[in-house]
Amino acid sequence: MKRNIKAELIEKKISDGFKRINFSLPSDLKKAIEGALKKESVFLARFTLENILKNNRIAGKSRLPLCQDCGLAVIYVEIGEDINIKGSLTAAINRGVEEAYSSAFLRKSVCGPLTRKNTGNNLPPVIHYNFAKGDSLKIHIMSKGGGSDNKSRLKMLNPSDGLEGIMDFVCETVKKAGSSACPPYIVGIGIGGSFDTVSFLAKKALFRKIGTGNRDKNLNKTERYILERINRLNIGAGGFGGVTTALAVHINSEPCHIASLPVAVNINCHSARSLLLKF
């Protein structure tokens with residue numbers, strides 16, 4: 001027998017979730033910034049990290065957005081095969097996003113790509129659906145800022161470029177971003193798949209909690225090595241130098257064609273707002 005979940009409950013949780021993430025940093029991110037502050041010795045970089053934490057306290061207390069860019073709603077849905085949604089899932093997600101951005105006075109950042117006319121309700125969100133075994137429904141939500149997304153890149157490497165080529169491309173991407181995407185960053189990396197799926201892998205990697213290493217031993221090691229290389233770029237918090245250009249590097253990988261080596265880098269700013277909703 002399938003488990004029933006009402007669309008109205010999904011709508012409410014989506015709405016509450018987007019309000020929550022726009023007013024307060026996730027606990028793992030806050031902890032990572034506090035850890036970076038302890039290691040930083042450059043005065044202006046320390047000043048930046050302290051102000052990120054201060055901004056978080058003020059935003060939470062005053063119910064003001066963490067950033068003026070309240071983001072594009074990006075949503076990953078994992079649907080158990082034994083779930084029955086009572087109502088339209090997509091419509092519920094859309095209504096939840098619209099309600100959150102309207103009632104909480106979050107900046108609506110979605111517009112026509114050529115007309116530049118704002119849709120007025122922050123719709124549509126970007127929604128990815130996947131099916132899984134079981135009777136649970138998981139919805140990962142993210143308010144993705146445009147400035148950091150603009151610095152993301154995709155490249156089809158030659159297989160012979162190998163791991164060194166991947167690491168060079170990632171570090172080159174972060175170096176080009178410089179301070180313009182509000183470091184310290186969380187760097188999502190997609191490796192493999194195809195041209196159309198590798199960017200999905202990179203963005204999905206941003207949902208992983210900071211401090212949880214990759215389950216794959218080799219990818220875990222690669223994440224730590226790339227993070228060290230990025231932090232040697234000396235861009236630092238706010239672009240003021242120091243040891244923390246990135247707080248974390250997360251990799252997602254899938255098999256790919258023998259002739260290809262797709263790599264995507266999706267950068268998130270320090271205001272990395274995401275949340276996992278469980279039903």
Side-chain angles (χ1 to χ4, degrees), residues 1-24 26 28 65 69-113 117-146 149 152 186 188 190 193-209 212 250 252 254 264 266 268 271-279:
M1 185 174 177
K2 291 197 172 186
R3 181 175 158 231
N4 291 320
I5 298 177
K6 291 183 178 177
E8 289 82 1
L9 176 63
I10 297 169
E11 177 185 338
K12 183 173 189 315
K13 280 204 172 193
I14 290 282
S15 174
D16 291 346
F18 273 103
K19 291 173 189 172
R20 178 176 163 187
I21 62 178
N22 271 286
F23 296 140
S24 182
D28 59 316
D69 182 353
C70 298
L72 171 68
V74 179
I75 299 168
Y76 289 99
V77 185
E78 191 175 295
I79 310 168
E81 291 171 342
D82 297 324
I83 286 288
N84 181 39
I85 307 292
K86 303 286 280 182
S88 167
L89 176 57
T90 302
I93 291 172
N94 277 272
R95 287 195 302 268
V97 171
E98 183 176 11
E99 201 286 326
Y101 278 80
S102 297
S103 67
F105 303 104
L106 304 176
R107 194 186 82 180
K108 301 169 187 71
S109 304
V110 180
C111 70
K117 184 179 178 184
N118 199 301
T119 62
N121 51 15
N122 223 47
L123 299 180
V126 177
I127 310 175
H128 301 274
Y129 292 104
N130 281 296
F131 289 94
K133 290 183 179 178
D135 64 355
S136 67
L137 173 66
K138 296 178 183 175
I139 302 181
H140 299 251
I141 64 171
M142 174 185 288
S143 287
K144 186 70 174 75
D149 230 34
S152 303
I186 292 90
S194 59
F195 179 83
D196 51 316
T197 60
V198 72
S199 58
F200 168 83
L201 293 174
K203 181 148 286 176
K204 194 175 179 184
L206 296 175
F207 280 105
R208 198 201 314 160
K209 283 191 174 296
T212 56
H250 294 163
N252 273 339
E254 280 186 0
N266 198 184
N268 214 352
S271 196
R273 299 151 294 184
S274 68
L275 181 67
L276 171 61
L277 305 173
K278 294 181 180 178
F279 297 83

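All values below were derived from every heavy atom in this structure, side-chain atoms included, with hydrogens, water molecules and symmetry-related copies excluded. Index from 1, following the sequence.
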- Query: Donor-acceptor pair, Y101 side chain versus C70 backbone, under 3.5 Å?
  - Reply: yes
- Where the side chain of R273 meets the backbone of S143, is there a donor-acceptor pair that is under 3.5 Å apart? yes
- Query: What closest approach, in Å, do K144 and K203 show between heavy atoms, and which atom pair accounts for it?
  - Reply: CG-NZ, 4.0 Å
- Item | Heavy-atom closest pair, residues G87 and A7 | CA-CB, 4.0 Å
- Report yes or no: do T90 and Y129 form a side-chain donor-acceptor pair below 3.5 Å? yes
- Could you give the distance from CG (N94) to CD1 (I127), rounded to the nearest 0.5 Å? 5.0 Å
- Shortest non-hydrogen separation from G188 to L206 and the atoms involved: N-CD2, 3.4 Å
- Query: How far apart are the C-alpha atoms of N84 and K86, what are their side-chain angles, what is the distance that settles it, and do they pass the side-chain contact (heavy atoms from CB on, under 4.5 Å) test?
  - Reply: CA-CA 6 Å; N84 181 39; K86 303 286 280 182; 3.8 Å; yes
- Message: Within the structure provided, determine whether F279 and S136 are in side-chain contact (heavy-atom separation under 4.5 Å).
- Response: no
- Message: Run the side-chain contact (heavy atoms from CB on, under 4.5 Å) test on L137 and L277 for me, step by step, so that the C-alpha distance in whole Å, both residues' side-chain angles and the decisive distance to 0.1 Å come before the verdict.
- Response: CA-CA 8 Å; L137 173 66; L277 305 173; over 6 Å; no
- Item | Gap separating the CD1 atom of I14 from the CD1 atom of I75, nearest 0.5 angstrom | 4.5 Å
- Message: Could you walk me through whether T119 and K108 satisfy the side-chain contact (heavy atoms from CB on, under 4.5 Å) test, starting with their C-alpha distance in whole Å, then the side-chain angles of each, then the deciding distance to 0.1 Å, before giving a yes or no?
- Response: CA-CA 8 Å; T119 62; K108 301 169 187 71; over 6 Å; no
- Which of these, V97, N121, N122, sits in a side chain to side chain contact (heavy atoms under 4.5 Å, CB included) with V110? N122
- Task: Begin with the C-alpha distance, continue with both residues' side-chain angles, and end with the deciding distance and a verdict on side-chain contact (heavy atoms from CB on, under 4.5 Å) for I93 and I141.
- Result: CA-CA 10 Å; I93 291 172; I141 64 171; over 6 Å; no
- Task: Find the distance between CG (D82) and NZ (K2) and round it off to the nearest 0.5 Å.
- Result: 6.5 Å
- Message: Once rounded to the nearest 0.5 Å, what's the spacing between atom CD1 of I10 and atom CG of L89?
- Response: 5.0 Å
- Can you see which heavy atom on G146 is nearest to which on D69, and at what distance? N-OD2, 2.8 Å
- Given the rule in the salt bridge (charged side-chain N to carboxylate O under 4.0 Å, His left out) test, do E99 and K19 qualify, once you have shown the distances and angles that lead to the verdict? CA-CA 10 Å; E99 201 286 326; K19 291 173 189 172; 3.2 Å; yes
- Message: I'd like to know if D16 pairs up with R20 as an ion pair, taking the criterion as any Lys NZ or Arg NE/NH1/NH2 lying under 4.0 Å from an Asp or Glu carboxylate oxygen.
- Response: no
- One should read off an interatomic distance between T197 OG1 and E254 CD, to the nearest 0.5 angstrom, of 5.5 Å
- Message: Return the NZ to NE2 distance between K278 and H140, rounded to the nearest 0.5 Å.
- Response: 8.5 Å
- Message: Other residues, nucleotides and ligands only: do more than 12 of their heavy atoms fall within 6.0 Å of CZ on F195?
- Response: no
- Query: Which heavy atom in L106 sits nearest to a heavy atom in A100, and how many Å separate them?
  - Reply: CD1-O, 3.9 Å
- Item | Shortest non-hydrogen contact from D135 toward R3 | O-NH1, 2.6 Å
